[in-house]
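A short worksheet on the structure shown next.
Just so it is clear: chains get the letters A, B, ... in the order the sequence lines come, proteins before strands, and each one is counted from 1.
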Protein chains: 2
Amino acid sequence: MVDRTASEASTLGERVFEQMLDMIYRGDLAPGSVVNEAALAVRFQVSRGPIREAVRRLQGIQLVTREPFAKARVVKLSRQALADLYEMREALEGYACRLVTERMSDQDLAELIAALETARQDYLRDGQPESLSDFDFHSRIIRASGNARLISTLYGDLYHLLRMMRRIKGHVPQRKHDAYSEHWQIIRAIKARDADLAESLMRAHIRRAAAHTMDEGQLTDVASR
Amino acid sequence: MVDRTASEASTLGERVFEQMLDMIYRGDLAPGSVVNEAALAVRFQVSRGPIREAVRRLQGIQLVTREPFAKARVVKLSRQALADLYEMREALEGYACRLVTERMSDQDLAELIAALETARQDYLRDGQPESLSDFDFHSRIIRASGNARLISTLYGDLYHLLRMMRRIKGHVPQRKHDAYSEHWQIIRAIKARDADLAESLMRAHIRRAAAHTMDEGQLTDVASR
DNA sequence: GACGCTCAAAGTGTCAACACTTTTGAGTTT
DNA sequence: AAACTCAAAAGTGTTGACACTTTGAGCGTC
């Protein structure tokens with residue numbers, strides 16, 4: 001059921017896209033599963049046109065694969081493909097870190113440090129790992145890079161895929177405490193304006209996250225879900 | 001006029017896409033120009049559906065921008081956007097170079113060196129800068145990286161944009177001789193299995209290409225074409 | 001001349017029907 | 001039981017018409 005109330009001017013195609021994206025994230029459209037235009041049109045009570053629009057857009061962000069005349073499918077990432085994704089993160093987030101080291105003003109850097117310190121205080125008070133938000137740190141670094149293309153590549157494709165995989169993996173024990181200290185090391189390198197070190201530390205950080213995730217061995221069990 | 005003869009099974013939408021891509025590369029659909037569905041449908045003698053399919057696909061590779069209910073437009077890159085593109089190349093091609101340094105077999109590396117040497121001999125014999133194909137070298141490095149995501153990011157988006165800009169720029173005096181010697185330095189670093197150096201040299205190579213291109217000052221004249 | 005309003009024309013989004021391709025499953029043969 | 005055939009069903013691609021939104025020409029007012 002597509003919400004047709006126009007809280008803001010939008011098309012059915014875009015609404016269908018949002019809802020299909022949710023379905024993918026939630027696993028209702030699982031990796032490898034068929035994307036059936038006609039069935040979705042019935043489900044959402046729209047014609048096939050907006051479904052096609054949404055599917056094309058999902059294809060554009062790599063969440064769906066499609067061949068002429070064949071049923072579209074939600075992408076199913078192999079272990080190798082996931083490894084490739086993490087390498088892309090190393091390349092891009094590492095480089096973003098370099099750009100930040102070279103470009104971030106002292107004032108903005110002070111604000112980032114203050115925000116990280118606040119998160120640490122929250123953690124000490126609450127003992128909640130969520131206070132050490134992994135994604136917020138990365139988000140801040142990437143957005144601070146100032147490279148719009150880099151930002152849109154990460155947020156436009158790669159993070160959608162990782163988010164989908166996250167759901168598939170289910171709960172992975174977090175490494176928040178380790179991640180937090182790695183963040184601090186990265187920040188110190190940035191503060192010292194050592195771009196090589198900052199980049200290298202960010203890459204290592206992501207490499208460890210990749211190893212942590214892929215060593216959980218759950219990817220080989222994806223097919224059983 | 002869309003060629004409807006089925007040399008291979010394909011859809012009208014895909015054929016329209018190919019032809020629109022050509023039009024963009026040739027400047028017939030110039031950056032900033034309106035993409036009018038109805039007019040293109042008449043021109044290609046198909047219904048608006050395949051046009052929409054093609055436009056969605058062009059949007060997926062960032063060559064077209066679109067808002068609901070508004071005319072799509074061929075993207076028009078600002079100077080900053082082009083700079084961002086080159087930075088992306090630095091990040092990704094630099095990283096590809098690192099991967100190659102770490103992974104390429106001695107045999108494959110020897111073949112690459114031989115191919116480069118052949119190009120040099122051709123150049124000495126012909127005096128034709130085309131013998132020192134800039135793109136072939138990069139292509140070989142990127143494909144040899146073994147990271148499918150990286151390859152598709154470069155070939156799926158970034159190079160389309162650069163190709164479009166190349167046409168817009170018109171003829172830029174080539175720096176083939178300099179580029180060639182830089183290629184050799186990169187190869188030597190790869191051969192020495194010095195990933196840091198290889199990456200750094202590739203980045204510098206691309207940075208110089210960027211500076212060379214953007215210093216031609218032609219980008220500020222784009223609007224006059 | 002500049003600005004604002006009106007409204008028809010132009011253009012995009014959606015729909016349902018038809019055209020075309022692929023998949024499915026029943027029936028037959030080995 | 002396995003393999004093959006083939007028609008029907010299912011699903012995708014395309015079309016033209018209608019619904020909806022945006023644009024711009026024409027007109028009136030200041």
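Separating the CD1 atom in A/Ile151 from the OH atom in A/Tyr159 is a distance of 10.5 Å, to the nearest 0.5 Å. The structure places CD1 of A/Ile61 at 14.5 Å from CZ of A/Arg56, a figure rounded to the nearest 0.5 Å. Taken to the nearest 0.5 Å, the CG atom of A/Leu109 stands 8.0 Å off from the OG atom of A/Ser105.
The shortest distance between the side-chain N/O atoms of A/Ser47 and the OP1/OP2 oxygens of C/dC15 is below 4.0 Å.
In this structure, B/Leu40 atom CG and D/dT15 atom C1' are separated by 17 Å, rounded to whole Å. The distance between atom CZ of A/Arg48 and atom P of C/dA16, rounded to the nearest whole Å, is 12 Å. Rounded to a whole Å, the CZ atom of B/Phe17 is 15 Å from the P atom of D/dG13. What separates CZ of B/Arg73 from P of D/dT22 is a distance of 15 Å, to the nearest Å.
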Show the atom names and distances, to 0.1 Å, of all donor-acceptor pairs under 3.5 Å that link a side chain in residues 62-69 of chain A to residues at least two apart or in another chain.
residue : atom : partner : partner atom : Å
A/Arg66 : NE   : A/Gln59 : OE1          : 3.1

Run the side-chain donor-acceptor check on residues 141-149 of chain B: report pairs under 3.5 Å with partners two or more places apart or on a different chain.
residue  : atom : partner  : partner atom : Å
B/Arg143 : NE   : B/Ser139 : OG           : 3.4
B/Ser145 : OG   : B/Ile142 : O            : 2.6
B/Ser145 : OG   : B/Asn147 : N            : 3.3
B/Asn147 : OD1  : B/Arg149 : N            : 3.0
B/Asn147 : OD1  : B/Leu150 : N            : 2.9
B/Asn147 : ND2  : A/Asp84  : O            : 3.2
B/Asn147 : ND2  : A/Glu87  : OE1          : 2.9

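Counting all heavy atoms, side chain and backbone alike, B/Gly32 lies closest to B/Lys76 at N-CB, 3.8 Å.
In this structure, A/Arg98 does not pair ionically with B/Glu199, as no charged nitrogen and carboxylate oxygen lie closer than 4.0 Å.
Note on the helix from C/dG1-D/dC30 to C/dT30-D/dA1: angle between the axes of the first and last five pairs equals 20°, rounded to 10 degrees.
A donor-acceptor pair under 3.5 Å is absent between the side-chain atoms of A/Arg89 and the main chain of A/Leu158, judged by distance alone. With hydrogens and angles ignored, the 3.5 Å screen pairs no side-chain donor or acceptor of A/Arg57 with any backbone N or O of A/Gly13.
Under the 30°/60° scheme for interplanar angles, the aromatic rings of A/His138 and A/His205 are found to lie parallel.
Here B/Val34 pairs with B/Asn36, B/Lys71, B/Arg73 under the side-chain contact (heavy atoms from CB on, under 4.5 Å) rule; sequence neighbours left out.
Within residues 51-66 of chain B, no residue places a heavy atom under 4.0 Å from DNA chain D.
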Output one line per pair: protein atom, nucleotide atom from nucleotides 9-11 of chain D, and distance, for all N/O pairs under 3.5 Å.
residue : atom : partner : partner atom : Å
D/dG11  : OP1  : A/Asn36 : ND2          : 2.9
D/dG11  : O5'  : A/Asn36 : ND2          : 3.4

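Residue contacts shown for A/Gly49 are absent, as no nucleic acid heavy atom lies under 4.0 Å away.
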